[in-house]
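Okay, structure first, notes after.
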Number of protein chains: 2
Amino acid sequence: MALSDKVTSFDIAALAGVSQPTVSRALRGDKTVSAATRLRIEAIARQLNYKVDRAASSLRKGEARTLALLFFEDPLPDDSHINPFFLSMLGSILKTCALRGYDLLTSFQQLSADWHVDYADSRKADGLILLGYGDWQLYRARVEQLVGQKTRFVRYGSVAASGGLGTVIGCDNRAGGAAVGRHLIERKRRRVAFVGEASDHYPEFRDRYRGLADALREAGLAADPGLHVDALSSEQAGFEATQRLIARGIGFDSLFAASDLIALGALRALDEAGLVVPRAVSVVGFDDIPAASLTRPPLTTVAQDYARAGAVLVDTLVRQIAGEPTDHLTLPATLVVRAST
Amino acid sequence: MALSDKVTSFDIAALAGVSQPTVSRALRGDKTVSAATRLRIEAIARQLNYKVDRAASSLRKGEARTLALLFFEDPLPDDSHINPFFLSMLGSILKTCALRGYDLLTSFQQLSADWHVDYADSRKADGLILLGYGDWQLYRARVEQLVGQKTRFVRYGSVAASGGLGTVIGCDNRAGGAAVGRHLIERKRRRVAFVGEASDHYPEFRDRYRGLADALREAGLAADPGLHVDALSSEQAGFEATQRLIARGIGFDSLFAASDLIALGALRALDEAGLVVPRAVSVVGFDDIPAASLTRPPLTTVAQDYARAGAVLVDTLVRQIAGEPTDHLTLPATLVVRAST
DNA sequence: ACCCGCTGTGAATACGTATGCCCTGCGCTG
DNA sequence: CAGCGCAGGGCATACGTATTCACAGCGGGT
């Protein structure tokens, strides 16, 4: 089957005593084929294990019935690792794709310079899903190109910083950050350090920082720039950044990490420095990756609804492919309190 | 580009003043095209952002230049979750696919009964990669069908139990289990419980159990059937199984979980029962998923080389597609000692 | 001077499906 | 009984690429 003796719609047609187009119509459910004929054809097709040839069908119909999932992460020394938060989305993305009748192509960005247009131009996929905490200023030009080419795509990111470039799905990072701030203040924390990039290169992290600042302001406090250290989203970056923070010698009683991966590194650095969590320092992350509930102590964090996010991403893209206009969507961000605060 | 004004090889041909076949030949690097002509064509193609239409190319060549990755897990109540161990392989699989010039289609099994042949028969993919800790007796029939159809595929599993069905890549589960046993004995443990299925429905788990038994036998001990409880590979299953084990009231001083997910559940159950790890009970897992180093205490486990495994799976499959014979491969399993023992 | 062979390219076609258009017959209406 | 409409299905073709075959031109050897 897979090799020499490929079954085609002509074979089915011959056996059913009809023409090839009738087979095609019957299997696609065209109403101009009588029920009797359709049933006969379906039976034969099933028996011969016939499957529509995807390449031929795509070529003729001009659609691939396939979506492409592209990960957009800053290249890390230890590559071939994907951020667990986005990996968590994979399950619901796969499931929703299957429900909608689409296949999913998956890829990294690093190896090809024109990955972003390749999938669209070569008609490998009908639309793109972009995921990742990569440097927005770096990949903005590529996203602009997608828009210019009228490629259908959705991306997970900061709705606030969408910049009119495509449809964006994201959680309410600012509200999430504010919830963290209020929670820490409630816990009598006053000196909140922030570990993570807060520039417009990383709009989601920036929004989280702004939310924290909102909450501090509400409480009559101000964010101390001396308590902000940059870090990309990796455990190692969080570890090193927290070490730099500690080395500054500016006192802090709590630490808000822009992502859980950063928080993992922060916990390690605090532990090595002999700072007990949460007694000496309360720690909060963002994302609620699976590992967050396993750390020592379990990590208070802001959960994003990755299951819903995955489904929404796919559904939005499918609607876009169908030619419908699509809107941004902001999903809720929910504080999950655990023992680290 | 993506929509109305698709660039074809005819457009390039017209601009270059040659025929369409020459364009095709030039871009595929055929030596019968003169260097001058090829360079001219390449320049024009690049300028117009031309990409070979994948569907047309596949149809003509009869190959999709695509591999399919299929997850084979027993359906869990909480689906849309993929075993983190296999997720860890995804990075290296993606990378190796890209290096070899293949795209990767990804899918779950649950939604379609004939997923296993669909990708091959419909020519969506040239070969299949099967991953998962699913019930082997359940999907064995499907694998046999793949063999019968001469579909190219590789699977990650138990080489020892390959049953002549396709090419299997796997780690040395038995040696890994033996290493665990020797390590526990060295730590003066005598009563080792095993949590996990050990039947031939789950050959990898069974091999791990056998390895443990080997080590016990070496030390003049015997595995106590009373200390074996079944569990599928999930945190919840591990939790419940460990509760059952404790309820039996048969003393044990150490616990070997057939997988890290099971071990996570075991740690939770032991914790709830007030059994301190490792003082009262030493705990060992298998797989070395990312979470293993984060548990409380960090989990001693057996690391599988998932990065290499992913690369080997892809390379083996690619060779198989090229028509070369391929062999099973057993990768090493390495004990990683952490604080749980 | 002739033929051979090589290089570079064009013409024709096949891959398998989906669809626009046309044709046939049958039942029904006036 | 003629004509009309509609259901059912065949014919031809298009999708864009890759490959086989044929062929033109040219240089060299005898």
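Heavy atoms only: backbone and side chains are in, while hydrogens, waters and symmetry mates are out. Throughout, a chain's letter reflects where its sequence line sits, starting with A, and its residues are numbered from 1. Given the structure is predicted, the values throughout are model-derived calculations rather than measurements.
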**Request:** May I ask you to say whether B/Arg54 pairs ionically with B/Asp103, meaning some side-chain N is under 4.0 Å from a carboxylate O?
**Result:** yes

**Shortest non-hydrogen contact from B/Asp30 toward B/Thr32** = OD1-N, 2.8 Å

**Item:** N/O (side chain, A/Ser19) to phosphate O (OP1/OP2, D/dC11) under 4.0 Å
**Value:** no

**Residue met sooner reading DNA chain C from 5', once A/Arg60 and B/Arg25 are mapped to nucleotides** = B/Arg25

**Request:** Determine the contact category for B/Ser58: base if any of its heavy atoms lies under 4.0 Å from a base atom, sugar-phosphate if only primed atoms, P, OP1 or OP2 are that close, otherwise nothing.
**Result:** nothing

**Request:** For B/Lys61 and for B/Thr22, locate the closest nucleotide of DNA chain C by heavy-atom distance; then report the residue assigned to the nucleotide nearer the 5' terminus.
**Result:** B/Thr22

**Request:** Could you check how far CD of B/Gln20 sits from P of D/dA18, rounded to whole Å?
**Result:** 8 Å

**Message:** Is the ring pair B/Phe72/B/Tyr139 parallel, tilted or perpendicular, if the boundaries are 30 and 60 degrees?
**Reply:** tilted

**Prompt:** In whole angstrom, what separates B/Arg54's CZ from D/dT17's P?
**Reply:** 13 Å

**Asked** Could you give the CG-to-P distance, from A/Leu59 to D/dT13, as a whole number of Å?
**Response** 18 Å

**Request:** Answer with base, sugar-phosphate or nothing: what part of the nucleic acid does A/Val18 contact at a heavy-atom distance below 4.0 Å?
**Result:** sugar-phosphate

**Prompt:** Distance-only, no hydrogens or angles: does the B/Glu63 side chain make a donor-acceptor pair with backbone N or O of B/Asp126 under 3.5 Å?
**Reply:** no

**Prompt:** To the side chain of B/Ser24, which of D/dA18, D/dG9, D/dT13 is closest?
**Reply:** D/dA18

**Asked** Given the side-chain rings of B/Phe86 and B/Tyr133, with only the six-membered ring counted for Trp, is the space between their centroids under 6.0 Å?
**Response** yes

**Asked** Got a salt bridge between A/Lys51 and B/Asp118, using NZ or NE/NH1/NH2 to carboxylate O under 4.0 Å?
**Response** no

**Prompt:** Starting at CZ of A/Phe10 and ending at P of D/dG10, how long is that distance when rounded to a whole Å?
**Reply:** 12 Å

**Message:** Under a 4.0 Å threshold between the charged nitrogen and the carboxylate oxygen, would B/Lys6 count as salt-bridged to B/Asp11?
**Reply:** no

**Item:** First encountered from the 5' end of DNA chain D, between A/Pro21 and A/Ala56
**Value:** A/Pro21

**Asked** Toward the 5' end of DNA chain D, which comes first, A/Arg40 or B/Val52, by nearest nucleotide?
**Response** A/Arg40

**Request:** Quickly work out the B/Lys6 NZ to D/dA14 C1' distance and round it to whole Å.
**Result:** 15 Å

**5' to 3' contact window, DNA chain C with chain A (heavy-atom distance under 4.0 Å)** = C/dG16 to C/dG20

